[in-house]
Undergrad: 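My questions will all concern the structure given below.
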Amino acid sequence: MDPLKAKFKEKASALSAEIKALLKEHGNTVIDSVTVSQAYGGMRDIKSMIWETSLLDAQEGIRFRGFSIPELQEKLPTGRGKEPLPEGLFWLMLTGEIPTEEEALWLTNEWERRCKVPQHVFDTINALPKDTHAMTMFTIGINALQTESIFAHRYEEGFPKSEYWDATYEDSMNLIACLPVVAAAIYRRKYKDGSLIAPNTRLDWAANFAHMMGYDDADFKNLMRLYMTIHADHEGGNASAHTTHLVGSTLSDSYLSFAAAMNALAGPLHGLANQEVIKWIFEMVEELGTTKPTSEQIGDYVRKTLAEGRVVPGYGHAVLRKPDPRFTAQKVFAEKYCSNDDIVQVVWKVFETVPPILQTLGKIKNPWPNVDAHSGALLVHYGMTEYGFYTVLFGVSRALGVLAAGCWSRALGFPLERPKSLTTELVKEMIAEKATA
Ligand code: HAX
């Protein structure tokens, strides 16, 4: 080990032990307005941002402008399909009102009209080595598309604050319109022969995305409509939404702030968990030599994963304390369309097996499945086995929520985000002051 690294290791181990002891003794001590545990613990539960488009309840799960997922499935326009159109959800998140079928259809046409991806974006993606991760290609592709930002151009010319929301709306609409084309180009380059499939102007946004990736099965298109709807937003505190908000608060345009968000989504504790889940399942069935493992075999494999110091992907959540309704919505879809699929059945058996095992560890606040526990099995069922791409699908959907919220942030003139950080020395001083007060 080089001398600098060795020194760093020594200092980090010492401070880590000190912080552990500090948290044990003073975790619940309030310093200013938060506890010591919250300051060290990833800001859990600190109410410090406004996000109008959706709200997460620990027990009940997500509500988009007050509507649960089953309610959205009942109330949002479905167009020619059987699941809600993401267009309708975007309209709802942006306005707080359920759109009519006609309004949702207008949005389909409007995104189609705005979909203009310059050649240099494809050239940039194609210049990357093919084994570049799909999420890296995605963030680079979005950054390349930033040349089209109306906000950035108008800011350079000098435009008043009162018009920021307008340029942000234009950028958000254009970006959402282009994302399926960029994502499909990545899919075709990385996993197929690189040839692009032209958009079909008769299809809605999600179905067209499926088509451009090379999937024309009607049920897969329904899955995409559902997928693009349920992954769209999860209030403001999750890493991708918060990143959009933070970066956008510097007046970085929608392209730059969304690309930053996608870097956050690419982490395995966040959106990358959807690829990790199916990878973990594939590895399990390969090791067990069967696609129909018993509950005992799955239980042993889960315990082995934990013994290796790894997390069970797709389980747990920073806020939720019940099975994720986004997991349930996908389970209901699978029950309807592909209940006999082996991998789908493995997911259901994992659902029965994992929570009691996680509960026995005594430290996990939520042993239940999250959104990522089910999506891979559905995609595999329709032939999309390239799990390195799954987080890109999540990302295209997430654009709807975070960009709608971004429009609100600029319309309401939210300021630069700048929380206060502390050093451990200062935390100790504050605890001591509190004790003597
Ligand atoms: N398997 C094993 N251990 C787990 C676990 C899991 N699925 N979930 C939590 N834990 C562990 C944590 O690592 C932590 O251990 P240490 O104290 O030793 O560090 C302990 O249990 C307490 O964690 P927690 O308070 O219950 O959970 P956090 O709020 O810290 O973390 C995570 C929430 C989602 C990051 C966590 O549950 C996890 O790592 N899950 C697996 C990865 C995953 O599915 N991520 C996707 C989440 C949903 C999402 O954002 N999708 O995009």
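Quick note: residue numbers are just sequence positions, from 1. Order of appearance sets the numbers: ligands from 1, and atoms from 1 within every ligand.
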Undergrad: Heavy atoms of the protein only: does one fall short of 4.0 Å from atom 19 (O) of ligand 1?
TA: no
Undergrad: Can you confirm whether some protein heavy atom lies under 4.0 Å from atom 12 (C) of ligand 1, or whether none does?
TA: no
Undergrad: Check for me whether His234 has a heavy atom closer than 4.0 Å to any atom of ligand 1.
TA: no
Undergrad: Does ligand 1 have an atom under 4.0 Å from some heavy atom of Ile364?
TA: yes
Undergrad: Which of the atoms of ligand 1 are close to Gly316, meaning less than 4.0 Å from one of its heavy atoms?
TA: 34 (C), 37 (O)
Undergrad: Below 4.0 angstrom from a heavy atom of Lys365, which ligand 1 atoms are there? Numbered from 1 as shown, please.
TA: 25 (O), 26 (O)
Undergrad: Can a donor-acceptor pair be found between the side chains of Thr424 and Tyr40 at a distance below 3.5 Å?
TA: yes
Undergrad: Has ligand 1 got any nitrogen or oxygen that is less than 3.5 angstrom from a nitrogen or oxygen of Gly314?
TA: yes
Undergrad: Among His231, His270, His317, Arg44, which one puts a heavy atom closest to atom 29 (O) of ligand 1?
TA: Arg44
Undergrad: If we count only non-hydrogen protein atoms and require a distance under 4.0 Å, does atom 15 (O) of ligand 1 qualify as touching the protein?
TA: yes
Undergrad: Between the side chains of Asn274 and Ser375, is a donor N or O closer than 3.5 angstrom to an acceptor N or O?
TA: no
Undergrad: Heavy-atom contacts with Gly271 under 4.0 Å: which atoms of ligand 1 show up? List them by number with element.
TA: 52 (O)
Undergrad: Less than 6.0 angstrom separating the ring centers of His270 and His234, yes or no?
TA: no
Undergrad: So if I count the atoms of ligand 1 from 1 in the order they appear, which ones are less than 4.0 Å from some heavy atom of Phe394?
TA: 52 (O)
Undergrad: Any donor-acceptor pair under 3.5 Å linking the side-chain atoms of Gln38 with those of Asp45?
TA: no
Undergrad: Any carboxylate oxygen within less than 4.0 angstrom of a Lys/Arg side-chain nitrogen, looking at Glu170 and Arg114?
TA: yes
Undergrad: Within a distance under 4.0 Å of any heavy atom of Leu306, pick out the atoms of ligand 1 and give their elements.
TA: 2 (C)
Undergrad: Would you say Asp372 has any N or O atom under 3.5 Å from an N or O of ligand 1, going by distance alone?
TA: yes
Undergrad: I'd like to check whether Val312 has a polar contact with ligand 1, where a contact means an N/O of the residue lying under 3.5 Å from an N/O of the ligand.
TA: yes
Undergrad: Tell me yes or no: between the side chains of Ser254 and Asp171, is some donor less than 3.5 Å from an acceptor?
TA: no
Undergrad: Hey, are the side chains of Ser409 and His245 touching, using non-hydrogen atoms and a 4.5 Å cut-off?
TA: yes
Undergrad: Taking the six-membered ring for Trp, are Trp111 and Phe90 ring centroids under 6.0 Å apart?
TA: yes
Undergrad: Between Arg326 and Asp372, does any NZ, NE, NH1 or NH2 come within less than 4.0 Å of an OD or OE carboxylate oxygen?
TA: no
Undergrad: Any chance the side chains of Thr108 and Asp204 put a donor and an acceptor closer than 3.5 Å?
TA: no
Undergrad: Can you check whether a protein heavy atom sits less than 4.0 angstrom from atom 5 (C) of ligand 1?
TA: yes
Undergrad: My understanding is that only one of Lys279, Lys192, Lys190 makes a salt bridge (Lys or Arg N to Asp or Glu O under 4.0 Å) with Glu386; could you say which?
TA: Lys192
Undergrad: Quick one: which of Lys363, Glu276, Arg398 has a heavy atom closest to atom 23 (O) of ligand 1?
TA: Lys363
Undergrad: Pairs of nitrogen or oxygen atoms closer than 3.5 Å, one from Val371 and one from ligand 1: do any exist?
TA: no
Undergrad: Using a heavy-atom cut-off of under 4.0 Å, does the side chain or the backbone of Leu269 touch ligand 1, or both, or neither?
TA: both
Undergrad: Which atoms of ligand 1 sit under 4.0 Å from any heavy atom of Ala273?
TA: 43 (C), 44 (O), 45 (N), 46 (C)
